[in-house]
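For reference, the structure discussed in these notes is given below.
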Amino acid sequence: MSDGTRVGIDIGGTFTDLVFLAPGGRIMRSKVLSTPDDYGQGIVAGLENGAADEDLRGSRVSQIVHGTTVATNAVLEGKGARVALITTEGFRDVLEIRRLRMPVLYDIRFRKPPPLVPRQLRFEVSERIDDTGRIVRPLDVEGARRVIDAILGERVDAIAICLINAYASGVHERRLHDMIRERDPAIPISVSSEILPEIREYERTSTTVVNAYVQPLVRCYLAGMQDQLRRRDIVAPLTVMQSSGGAMSAAAASERPIHIIESGPAAGVVGAAEFARRLGGLSVLSFDMGGTTAKAALIDRGEFLRVNSLEVGGGINIAGRLLSGGGYHVRAPAIDIAEAGAGGGSLARLDAGGALRVGPESAGAAPGPACYDYGGSVPTVTDANVVLGLVNPEALAGGGLRIRRDLAVQAVDHAIARPLGLSVEEAAWGVHRVANAAMARALRAVSTERGRDPRELAIFAFGGNGPVHAATLARVLDIRRILVPPLPGLFSALGMLFPQTEHHYVRTHKRHLDELDGAALEADYGALEADGRSALGAEGFAAADHRFERLIDLRYAGANSEITVPLRATPAALRELFAQAHERQYGYRSDEEAVETMSVRVIARGARESSFVPGGFGFPAERAHGDRSRLVYFGPEIGAIETAVCGRGEIDGAWRAGPVLIEEFDSTTVVPPDGRARRIGWDTVEIELQ
């Protein structure tokens, strides 16, 4: 993979970003407006821009790594496949019963989201397997044939199979799969014992159904993407970012799209973790503010944190783990990310009581902020920042996107300033501050709510708007250090180039820790690793390049949730590791309560060549375009002051006092009057607030 150009692609709500990494480490980039009607068009436009700028021929591309929101959007918009569900007799309504969780307390108007499979498409078969895998009642084959006839008569797009206790034995599910294949060799089938052989009936059913719901759309999307690339003589493998921070082939993603539900946000965190490791194993808060949302994640000494499940379709995830139930449960590994509905395109308005609100609605790519002059008239966060002078009032993207400051002033004045009796600058500062308040909640959700003091961390800011807001946001959390990586506005696309190919496997293994059977445990791990070898082999990795990480889920006996820890050689060592993790997460440990295992996990990775990611990058040493200074409003306490404007290439290893704006092709870094900045390793700008 190291003998050609690798391409990372990130599709956002406003822009589609592409980063090209040449074999020697030279970086190329392209930024185009997203095309929501067909995201592939934006990707092709970005690739053609790269080819025009750098003579990038298809034959020189060795890999394309892509993050997509296709699966997420299908659930959010209710535009997935028409799915039929086959389940055990008596379990037809598991999807509706769900869990007793509500995302908003005391809201009597809350309604559960409608099941992705309507009741008339949920079918029962007579069979029963117990929790040890023993067949209590054989599958009624004749009854199953009638069910299959009825399903195929409904002309559904996909079928989900989830039988009770199939995690212990999938024999009946496999029989149903084969019977369907005899009748229809092409229809997508999701089988729970293959997708998620893990205890908990609702979670397994929901995960399998979500997989079936988005699978036809994801298959079509990825196939169309590959076809468009081939037509441009790009035959390099298409790799898709996983929610967990790894990568997988397009073929694997087409079969198990549940693993790419949150692929876009994951890339930026992976890149931030890589930079944190290479800058000395730092602990940072990854802060990614784009056009639609802001996302936060905790990186602890260079390592990001994972959770074993997520909800999709439940809106913005800002409140942490406890307030769930508003979406569809997916039991799949994912980076622990919190979101806020505040981005550069977030709309600012006054509510019925006259209070200022920002987001979660966004202007998106069309019509976009008022200052883009594409027809938008409602003020956005970007418009406010243009009014304040924090963002270039003439052009963005190296001059490629013209800015109309007069339209931004007009929008803020009409919607906010006049109704509140404020100056335009005061109104714009209010929009800036309210957006920060929403984003601070996301940062607290992954720090304070995880038992970490944010004052001990640095903010690692990226996204088109992250470096603009980082300093004022740091003040809210009493954080004194900010790091801004190179290519901040395209950093998620850059982050696509860091992950290893990996596959996650899980199997229920419920035992008391003191009663573990070593042979049985080894057999389960061996079976999962065999699945991993098969998947990695299919993606072209030789056996010598296979790497396996063994994990285990533990909990205090009778608890409702478990903690995943690395496997240790002895039960005593495992118990101590679990107790330490439990104390970090929940604030206490118990040396008297019994500990039990719930599931065993394996992460199978394909090893990379040492040159897969170079030790250093050839980033462009930019100088700012346009005026070398401009008037910037830093709030009522400071007012508007003349502020120097420079490029990243003009910041060196010596501290430079603020105020200063570091303008780049893809973002602007704001160093406030009481801050100072310098450039450190990996072309990263460090800001220190006094």
Side-chain angles (χ1 to χ4, degrees), residues 12-15 33-34 289-294 341-439 464-465 468-469 472 489 625-627 629-636 638-643 645 661 663 667-668 670:
T14 306
F15 289 102
L33 285 171
S34 294
M289 183 181 176
T292 307
T293 60
S346 295
L347 302 178
R349 68 203 182 284
L350 301 180
D351 64 16
L356 177 60
R357 304 290 184 186
V358 176
E361 300 85 359
S362 173
C371 62
Y372 287 5
D373 196 15
Y374 289 150
S377 59
V378 180
T380 66
V381 174
T382 293
D383 291 311
N385 289 333
V386 167
V387 171
L388 295 171
L390 299 173
V391 172
N392 192 306
E394 297 178 358
L396 299 177
L401 178 61
R402 306 305 302 177
I403 294 296
R404 290 274 306 273
R405 185 180 186 275
D406 59 317
L407 295 181
V409 170
Q410 180 180 318
V412 174
D413 185 46
H414 176 75
I416 310 294
R418 289 186 189 178
L420 295 181
L422 302 173
S423 70
V424 174
E425 289 77 14
E426 289 171 331
W429 184 252
V431 173
H432 184 90
R433 291 284 303 275
V434 171
N436 280 350
M439 294 182 289
N465 295 284
V468 177
H469 284 256
T472 48
H625 297 279
D627 296 335
S629 69
R630 66 171 173 264
L631 208 59
V632 178
Y633 185 83
F634 285 101
I638 299 174
I641 57 177
E642 197 68 24
T643 300
V645 179
L661 302 178
E663 281 195 349
S667 185
T668 299
V670 177

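Being a predicted model, the structure only gives us computed values, none of them experimental. Just so you know, residue 1 is the first one in the sequence shown, and it goes up from there.
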If you take all heavy atoms of [X] and [Y], which pair is closest and at what distance?
X: A438; Y: A342; result: CB-CB, 4.3 Å
X: G389; Y: L661; result: O-CD1, 3.6 Å
X: P367; Y: G375; result: CB-C, 3.8 Å
X: A370; Y: D383; result: N-OD2, 3.0 Å
X: V386; Y: A408; result: CG1-CB, 4.2 Å
X: T380; Y: P369; result: OG1-CB, 3.3 Å

Euclidean distance, [Y] [atom2] relative to [X] [atom1], rounded to 0.5 Å:
X: L356; Y: L420; atom1: CG; atom2: CG; result: 7.0 Å
X: R630; Y: E642; atom1: CZ; atom2: CD; result: 10.0 Å
X: I641; Y: S629; atom1: CD1; atom2: OG; result: 11.5 Å
X: R418; Y: S423; atom1: CZ; atom2: OG; result: 13.0 Å
X: D351; Y: R357; atom1: CG; atom2: CZ; result: 4.5 Å
X: N436; Y: T472; atom1: CG; atom2: OG1; result: 4.0 Å

Contacts of R349 that satisfy side-chain hydrogen bond (donor to acceptor under 3.5 Å, both in side chains) - sequence neighbours left out: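 Result, side-chain hydrogen bond (donor to acceptor under 3.5 Å, both in side chains) vs R349: none returned.
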Do the side chains of [Y] and [X] get nearer than 4.5 Å, heavy atoms only?
X: I403; Y: E394; result: no
X: V468; Y: V391; result: yes
X: I416; Y: L350; result: yes
X: V670; Y: F634; result: yes
X: V358; Y: V381; result: yes

For R433, is there an ion pair with E426 - N to carboxylate O distance below 4.0 angstrom?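 No.
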Between N385 and T382, is there a side-chain donor-acceptor contact under 3.5 Å, judged purely by atom types and distance?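 Note: T382 and N385 side chains miss the donor-acceptor criterion.
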Test side-chain contact (heavy atoms from CB on, under 4.5 Å) on V632 and L390 and set out the steps. CA-CA 6 Å; V632 178; L390 299 173; 3.5 Å; yes
Name the orientation class of the two ring planes belonging to H432 and W429 (parallel below 30°, tilted from 30 to 60°, perpendicular beyond 60°).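 Parallel: the ring planes of H432 and W429 meet at under 30°.
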